[in-house]
Number of protein chains: 2
Amino acid sequence: MPKRVDHEERRAQIAEALIRVAGRRGLHAVGMRDVAAEAGVSLRLVQYYFETKEKLLFYGLQHLTARFTARVGARLAAAGPDPGPRATVEALLLASLPTDEEGRTFHLLYSSYAILSVTDGALAAQPFIDNPDAAENALTGLLETARNAGLADPSVAPRTEAVSLLAMAAAMGTSILVGQRTPESAIAVLHHHLNRIFTPTPTKPQ
Amino acid sequence: MPKRVDHEERRAQIAEALIRVAGRRGLHAVGMRDVAAEAGVSLRLVQYYFETKEKLLFYGLQHLTARFTARVGARLAAAGPDPGPRATVEALLLASLPTDEEGRTFHLLYSSYAILSVTDGALAAQPFIDNPDAAENALTGLLETARNAGLADPSVAPRTEAVSLLAMAAAMGTSILVGQRTPESAIAVLHHHLNRIFTPTPTKPQ
DNA sequence: TTTTTCGTGATACGACCGTACCATGATGTT
DNA sequence: AACATCATGGTACGGTCGTATCACGAAAAA
């Protein structure tokens, strides 16, 4: 047998090319030839590793969420070891804002996929219910933990606030994308609500 | 000169056809032939009244926002004459949720246009800054009025809360669209925040 | 009544898209 | 050494898309 290339790695390379070019020109405008050119391979290769465009797009979505998960993890790690619930929540929310080029691409493409999935049934399979639900559950758990630990107002409704925070981050992310809002103002709004939810940390009375 | 047709009316008819078919199959999937068929006219006619597809899309966006404004106005009118600030805010927010077919189309298409405008510069001209800003200003004004009238907690930050409410409505609207959330749960979250912002009306002690 | 101009139709053109087909090195296996 | 098979390139095909072109009836203006 011949060269025996790692198919999964190749697919990842091509998927990243897809993400790059889609982040530049929009998901709707990207064709298989564009992806091939961006990845530096022939059109045939893209066809070889993903038989159809639909499969390429689907794999691209999976790759996108994987990379986003990694991004969130990195932000959490950067928040230091064993960060408090508030720092964790903050890292989670800020990671989803398009404050840098990577975040911009993530937000743009994830929104594009979401809108696409509304009308193009095949995309609507699962990932658009699973991932947001996971984030919502994680955030809810964090708020519950904080409340039980006395770090948050006892009257907060964890799930409702979790949903609210995620929704605000998502929509303000789009506002940033279209140039209506600055990242700073979005962060300020989020901080406002975090200050409302979390009681001032009683660690070190100054 | 010949038949002298009202161009503006024709354009509106075609634009509504565009909105209908785009609401069904997605904005990215709609072609000029689809619009022509939906409007019951020939392809040539669509070309005649909108020379290019870009102009058709642009006019479609204008028409969409006009119809949405009318929808909000109708909701406000339905809230009775001289409704209080809270009822007005509620009507505004609920009108933007995709709870019926019309709202679904509005939300889907407006989101599509927004995402499109990120990469397709020509669309990014103005309307995506102006309209959201107007809504934000209107809501801010209502919250200020309520606060000054003693209907809202004096500690509320009108602009921040306005931004928050609009963002939550927008993002939860998308959640409804993709089937992740029910309209009822979205409305419940909004009510939660309205209850937080507005003090119980002291009109009629029961 | 002639003429000009508007509204409308049918159709053609060039470009691009996703996909399919054919060919050919390279590399393991026998 | 011969062969089977994987990886890759080149290219062609059918379809669709936005746009342009040609043609014609109808009605207001002369």
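Note that the structure is predicted; figures quoted are calculated from it, not measured. In what follows, chains are A, B, ... by sequence order, proteins preceding strands, each numbered from 1. In what follows, every heavy atom counts, from backbone to side chain, and hydrogens, waters and symmetry copies are set aside.
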* For A:H193 and A:R196, does a side-chain donor sit closer than 3.5 Å to a side-chain acceptor? -> yes
* To do: Would you mind reading off the distance between B:F50 atom CZ and D:dC17 atom P, rounded to a whole angstrom?
  => 19 Å
* **side-chain contact (heavy atoms from CB on, under 4.5 Å) against A:P158, all qualifying residues, sequence neighbours excluded** => A:T140, A:L143, A:E144, A:R147
* Structure fact -> The complete set of side chain to side chain donor-acceptor pair (under 3.5 Å) pairs with one or both residues in residues 14-23 of chain B, sequence neighbours excluded, reads B:E16-B:H63, B:E16-B:R67, B:R20-B:E38
* Could you list all the ring-ring contact (aromatic ring centres under 6.0 Å, His included) pairs where at least one residue sits in residues 20-45 of chain B, not counting sequence neighbours? => none
* Asked: OP1, OP2 of D:dA7 versus side-chain N and O of A:H7: anything below 4.0 Å?
  -> yes
* When the distance from CZ of B:R11 to P of C:dT8 is rounded to whole Å, what number comes out? -> 12 Å
* Asked: Counting only side-chain N and O atoms of A:R10, is one of them less than 4.0 Å from OP1 or OP2 of D:dT8?
  -> yes
* **With B:A157 via side-chain contact (heavy atoms from CB on, under 4.5 Å) - residues at least two apart** => A:H192, B:T160
* Asked: What string of B, S and - do you get for nucleotides 11-21 of chain C 5' to 3' if you count protein non-hydrogen atoms under 4.0 Å?
  -> -B----BBBBB
* Do the side-chain N or O atoms of B:Y48 get closer than 4.0 angstrom to the phosphate oxygens (OP1, OP2) of C:dT8? -> no
* What pairs with B:E9 under side chain to side chain donor-acceptor pair (under 3.5 Å), at least two apart in sequence or on another chain? -> none
* Whole-Å distance between D:dT11 C1' and A:L45 CG? -> 15 Å
* Dot-bracket notation for DNA chain C is requested: 5' to 3', Watson-Crick or G-U wobble pairs only, both distances under 3.5 Å, with ( ), [ ], | and . as defined. => .||||.||||||||||||||||||||||||
* **By ring-ring contact (aromatic ring centres under 6.0 Å, His included) - contacts of B:Y113 (at least two apart)** => none
* Please identify each residue that fulfils side-chain contact (heavy atoms from CB on, under 4.5 Å) with A:E51, with sequence neighbours left out. => A:K55
* Check whether any side-chain nitrogen or oxygen of A:Y49 sits under 4.0 Å from OP1 or OP2 of D:dT8, and answer yes or no. => yes
